[in-house]
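Everything on this sheet refers to the single structure shown next.
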Amino acid sequence: MALSLSLEEGCFMDQFGEEAPLQVRFNYYSPCSRPNLVLGLKPHADGSGYTIILQDDGVEGLQVLKEGRWVTVPSLPHALLVVMGDQMEIMTNGEFKSPVHRVLSNSERERISIAVFYTPEAGKEIGPQEGLINEDRPKAYKNVKDYADIHWGYYQQGTRAIHVAKV
Ligand SMILES: O=C(O)CCC(=O)C(=O)O
Ligand SMILES: [Fe+2]
């Protein structure tokens, strides 16, 4: 990711820190008789650095909000999906976006997914990489620490936390 932005390899890893935790969530979505009324997972953006998702083979449901429209993410066998979280949006000064996503429910089939959240070390300050700040793209995000905790507070209320980090 760093190389794709012409940055020094490992610069994001340095921001995550050597003790950066990986947390796993197993999601189970039972079949739902009224899928048009009930979501599997409400719209949210992840508060992680980034998230790696293994989707159920053959049962779609994950959707990403793109230009105001919900787009279904195909479930490909053996594929891992990498979703940017708010903290990569901050570290890349907005070059990478943390997408709002949700999960639909399914009237016939259960669905399982495994999400691995990679988050900067507790207490470690992160911020936009120097190499991504210039006159054309001034610093758009403040340096923050323990952003994931701030994120959860807003998540409970069904809103995003990213505005807290915006300059
Ligand atoms: O079930 C999925 O495919 C996505 C899960 C998700 O977005 C999450 O756990 O934050
Ligand atoms: Fe998510």
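First listed ligand is number 1; within each ligand, the first listed atom is number 1. In what follows, every heavy atom counts, from backbone to side chain, and hydrogens, waters and symmetry copies are set aside.
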Would a 4.5 Å heavy-atom cut-off, applied to side chains only, mark [X] and [Y] as touching?
| X | Y | result |
| --- | --- | --- |
| Arg111 | Gln55 | yes |
| Asn27 | Ile114 | no |
| Val83 | His101 | yes |

Check ligand 1 for N or O atoms under 3.5 Å from a protein N or O and list each pair with its distance.
unit_1, atom_1, unit_2, atom_2, d
ligand 1, 1 (O), Tyr29, OH, 2.7
ligand 1, 1 (O), Arg111, NH1, 3.0
ligand 1, 1 (O), Ser113, OG, 2.6
ligand 1, 3 (O), Arg111, NH1, 3.4
ligand 1, 3 (O), Arg111, NH2, 2.8
ligand 1, 7 (O), His44, NE2, 3.3
ligand 1, 7 (O), His101, NE2, 3.1
ligand 1, 9 (O), Arg25, NH1, 2.6
ligand 1, 9 (O), Asn27, ND2, 3.2
ligand 1, 10 (O), Arg25, NH1, 3.2
ligand 1, 10 (O), His44, NE2, 3.1
ligand 1, 10 (O), Asp46, OD1, 3.3

Donor-acceptor pair, Ser113 side chain versus Asp56 backbone, under 3.5 Å?
no

Look at the rings of Tyr154 and His163 and say which category their plane angle falls in: under 30° parallel, 30 to 60° tilted, over 60° perpendicular.
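It falls in the perpendicular class, over 60°.
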
Cut-off 3.5 Å, side chains only: do His44 and Asp46 have a donor facing an acceptor?
yes

NE2 (His101) - the Fe ion (ligand 2) - NE2 (His44) angle, nearest 10°
90°

One pair to check against salt bridge (Lys or Arg N to Asp or Glu O under 4.0 Å): Lys124 and Asp146. What are the steps and the verdict?
CA-CA 7 Å; Lys124 192 154 185 329; Asp146 296 324; over 6 Å; no

Of all N, O or S atoms in Asp46, which has the smallest distance to the Fe ion (ligand 2)?
OD1

